[in-house]
Undergrad: 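Dropping a structure here in C-alpha cells format, bear with me for questions.
Computation of the quantities below employed the complete heavy-atom set of this structure, encompassing side-chain atoms and omitting hydrogens, waters and symmetry-equivalent molecules. These numbers come from a predicted model, not from an experiment.
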Amino acid sequence: MEIYRAHVLICGGTGCTSSGSQTLIDTFNEELKKYNLTNEVKLVKTGCFGLCEAGPIVIVYPEGAFYSHVKVEDVKRITEEHLLKGRIVKDLLFKEAIKEDKVRSINEVDFYKKQKRVALRNCGVINPEDIREYIAFDGYKALGKALTEMTREEVIDTIKKSGLRGRGGGGFPTGLKWEFTYKAEGDQKYVACNADEGDPGAFMDRSILEGDPHAVVEAMAIAGYAVGANQGYVYVRAEYPIAVNRLQIAIDEAREYGLLGKDIFGTGFDFDLEIRLGAGAFVCGEETALLNSIEGKRGMPRPRPPFPAVKGLWQKPTLLNNVETYANIPQIILNGAEWFSSMGTEKSKGTKVFALGGKINNTGLVEIPMGTTLREVIYEIGGGIPNGKKFKAVQTGGPSGGCITAEHLDTPIDYDNLIALGSMMGSGGMIVMDEDNCMVDIARFFLDFTVDESCGKCPPCRIGTKRMLEILDKITKGKGELEDIDKLEKLAANIKASALCGLGQTAPNPVLSTLKYFRDEYIAHVKEKRCPAGVCQGLLSYTVDTDLCKKCGICASKCPVNCIEGVKGKEVYKIDKDKCIKCGACMEACPFKAISKK
Amino acid sequence: MRSLEELAKIREEALKKVDIRGIREGTRIVVGMATCGISAGARPVLMALLEEVKIRNLKEVVVSQTGCIGVCRLEPIVEVYRPGEEKVTYVSMTPEKAKKIIREHIVNGKVVDEYTIGAAK
C-alpha cells in the first residue's frame with residue numbers, strides 16, 4: 001500500500017459530474033503522469049461536498065485547499081503550481097476561502113462552519129467506491145459492536161433513546177418503528193430502504209448514496225439484526241444512475257469482505273441486501289406503494305393499518321426507513337444515544353440534511369443541528385439571496401409542504417415548528433424564493449407536479465387535484481373570479497380529509513399555505529388582473545417608456561410577431577398590445593432598459 | 001469478516017491511506033520544492049521523508065511541500081513545525097539526513113542541530 005503526500009479529492013456527485021468533473025479526473029491523471037507525480041499524489045473521486053453551486057469542486061489535502069468552478073484548463077495550473085511547487089493557486093480558490101489574503105482551509109469556509117455533519121460525515125471525504133476508506137473512518141465498527149456486544153433489545157433501545165425520527169417526511173420515531181417490527185410475529189421478516197426521492201428540489205438521499213453508500217448498507221444490516229430480518233431491499237429510482245452504481249459496488253464489496261452474507265463477524269447472523277429499481281414515481285415514496293412496487297406490482301398505496309411493521313413485503317413484517325434515517329444509525333450505535341440526543345431540540349433530535357435550492361447564493365447540500373433557524377440556513381450558510389433581491393418565502397417539504405415567509409425566518413427548524421407554520425420538514429427540500437417569484441405560480445407548479453404524479457387510485461387525489469389545477473390555471477391566465485378562491489379552499493379541505501394516502505392528503509398544502517400568507521397576490525390576480533411579481537404571462541403587458549426609448553429599433557427587429565412599430569432615429573417605438581404574445585424578447589434586447597413589464 | 005479484530009486490522013491499514021485528510025494539530029514537515037529546491041535534489045528528500053513516516057507508522061505527521069523558502073544556496077530545505085515549538089529549518093538536506101531527522105527530531109523530540117540553518121551560517 002502506498003502512502004501519498006497529497007490527496008486530490010474531486011467531487012463525483014451528480015451535480016459536479018454534470019458540470020464535468022469526470023473530464024477533470026481524466027485531465028489530472030494525464031498531468032500527474034506527465035510530471036511523474038502518480039506515486040506521490042493520490043486522486044480520489046468522492047461524493048457530494050455539498051456546495052453544488054460552486055462545482056466542479058476539487059480539494060487538495062493536506063492543505064485543505066478548496067478549489068471551486070474548476071475547469072479543464074485549470075488542472076494544469078493546479079498540478080504545476082500546487083502539486084509540483086507547493087504554491088496554492090489563490091485565484092482558483094472558492095472566493096470565501098480567502099480572507100485578508102490568508103488562504104483558509106475547507107473547514108473555515110462559512111458554508112461549512114455552522115454545519116454539523118452526521119449523515120453526511122463521509123460525503124466528500126472518502127472514495128465511495130472503496131470499502132477500505134469507509135472502514136478507515138470507523139466503518140462497520142457499529143455493525144461489529146451491535147452484533148458482538150449488544151442484544152437486539154439493546155440496539156432498539158439505543159435507537160429509541162436517541163430520539164431519532166424518520167427523515168423521509170413523516171417524522172415517526174425510528175426506534176418505535178424498529179420495536180414494532182421486532183415484536184411483530186412472523187418466521188420471515190424484511191428490512192427495506194426508501195431511496196425513492198421524488199420531491200422537486202430534494203437530492204439528499206441521492207447524495208448520501210453517492211457519497212457514502214456503505215453507511216446505508218451497514219445501517220440496514222444493523223436494522224436486520226435488531227428486528228430479526230435476514231434480507232433487505234433498497235428501493236432506488238432508476239433516475240439516479242450514479243447512486244445505483246455506487247450502491248451496487250458497495251454491496252458487492254461488503255459481500256466480498258464478509259460484511260454481508262452468512263455468519264457475519266462469526267456471530268451466526270446472516271444478512272443480505274438487494275437493490276430494487278423504481279421507475280421514478282412520486283407515489284412510490286409512500287411506504288405501502290413502495291412495498292407494492294418492490295413486489296413487482298403497480299406502485300399504489302393501500303389503506304393502513306395494517307402497517308408494514310405488521311404486514312409488509314409479501315405480507316411479512318417489514319421495517320422501512322429512509323436513506324438519511326439509516327445514515328444516522330451507525331453513528332448512534334458508535335457514539336451512543338446521549339451523544340445524538342444532545343443535538344437538536346426537545347422533540348427533534350440530531351441533525352437534518354437540507355437540499356438548498358432556488359434563489360440562493362450557495363445552492364447545495366447542508367446538514368445542520370435541528371433548531372438552527374431558517375435565517376441562519378438561508379443567510380449564513382446559504383449566503384443570502386443573489387443580485388440584491390429581497391427574500392420572499394422559503395418552500396419546505398416539497399409538494400406536501402408549504403411556504404414560510406420572512407416574518408418566520410427566526411423560527412428554529414424542527415418537525416413541530418414547521419408543521420405549526422403550515423409547512424413541514426418533509427424529506428428536506430428547501431426552495432428559496434425572492435420578490436420575482438409569483439406565489440400563485442409556485443402553487444400551480446407544485447399542483448401540476450401532484451396531478452402528474454397521482455397514482456389515480458383514489459378519486460379525491462385523481463380528480464380533486466386536477467380540478468384545483470384547472471382553477472389555478474384560470475387564475476394565472478387572468479380569468480379567475482373571487483369565488484374561485486373559495487372553491488380552491490373547499491376542494492383543498494375535502495381532498496385533505498378523504499384522500500387515501502399521505503401524499504394525496506397533503507397535496508393541497510402548497511395552495512393552502514400560499515393562500516394563507518399571500519392571499520393578496522391571489523386577489524391581485526383575480527380582481528386587478530395583475531401579477532405583482534411579473535411572472536404570469538397571461539397577465540403581463542409590455543410597454544415602452546417614451547422617455548427612455550432611444551429610437552434604435554432593436555426591439556422591433558427582435559419581435560417575432562412584428563407588433564412593435566416606430567421609425568428608426570425619429571419616432572419612439574410602440575408595442576401593439578393586442579398582437580403582443582408576451583414573449584419578452586424585446587425587453588431582453590433593449591440596451592437602454594426602456595421596456596418594462598407589468 | 002470473522003471478528004472485530006479483523007476489522008480493526010483492516011482499519012489500521014486503511015487509515016494510513018486517508019490520514020492526511022483529517023484535521024489535526026500535528027507535526028508538519030514541509031519541503032521547499034520550487035525550481036531551485038527540486039534541482040538541488042528536494043524530491044528524493046521528500047520521498048525519503050514519506051518512506052520513513054510510513055515505515056514508522058507515524059500518525060499526526062503530515063509531509064507537505066511548499067514553494068521557494070528563499071535561501072536557494074542552502075537548498076534542499078526542510079522545515080519542521082511542531083505544536084507549541086519554534087519552527088526548525090534544516091538545510092542542505094539529503095535523503096539520509098532526512099531519515100535522521102525523522103528518527104531524532106520527530107520521534108525523539110531532539111532537534112538535529114548540525115543540520116539546522118543556524119549551523120550552516
Undergrad: I'd like to know which of A:Leu259, A:Leu147, A:Asp130 tops the heavy-atom pair count under 4.5 Å against chain B.
TA: A:Leu259
Undergrad: Among B:Leu49, B:Val62, B:Leu46, B:Val53, which residue satisfies the side chain to side chain contact (heavy atoms under 4.5 Å, CB included) criterion with A:Arg5?
TA: B:Leu46
Undergrad: Against chain B, label A:Asp263 side chain, backbone, both or neither, depending on which of its atoms sit under 4.5 Å from a heavy atom there.
TA: both
Undergrad: Can you establish whether the number of heavy atoms outside A:Lys116 located under 6.0 Å from its atom NZ is more than 12?
TA: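 Count not over threshold, so no.
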Undergrad: Using a heavy-atom cutoff of under 4.5 Å, enumerate the residues of residues 75-84 of chain A that contact chain B, numbered in order, or state 'none'.
TA: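 Those residues of residues 75-84 of chain A which have a heavy atom under 4.5 Å from chain B are A:His82, A:Leu83, A:Leu84.
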Undergrad: Please determine whether the number of non-hydrogen atoms from other residues, nucleotides or ligands lying under 6.0 Å from atom CD of B:Glu86 exceeds 12.
TA: no
Undergrad: Could you tell me the separation between the OH atom of A:Tyr140 and the CZ atom of B:Arg11, rounded to the nearest 0.5 Å?
TA: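 Interatomic distance, A:Tyr140 OH to B:Arg11 CZ, rounded to 0.5 Å: 15.0 Å.
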Undergrad: Is there a side-chain contact between A:Glu149 and B:Leu4, using heavy atoms and a 4.5 Å cut-off?
TA: yes
Undergrad: Between A:Leu37 and chain B, with a heavy-atom cut-off of 4.5 Å, which part of the residue counts as in contact: side chain, backbone, both or neither?
TA: side chain
Undergrad: Which atoms of A:Lys145 are under 4.5 Å from chain B, going by heavy atoms: the side chain, the backbone, both sets, or neither?
TA: backbone
Undergrad: With chain A as the partner, which of B:Leu15, B:Leu7, B:Leu50 has the greatest number of non-hydrogen pairs under 4.5 Å?
TA: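 The option with the most such pairs is B:Leu7.
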Undergrad: To the nearest 0.5 Å, what is the distance between CZ on B:Arg2 and OG1 on A:Thr267?
TA: 9.0 Å
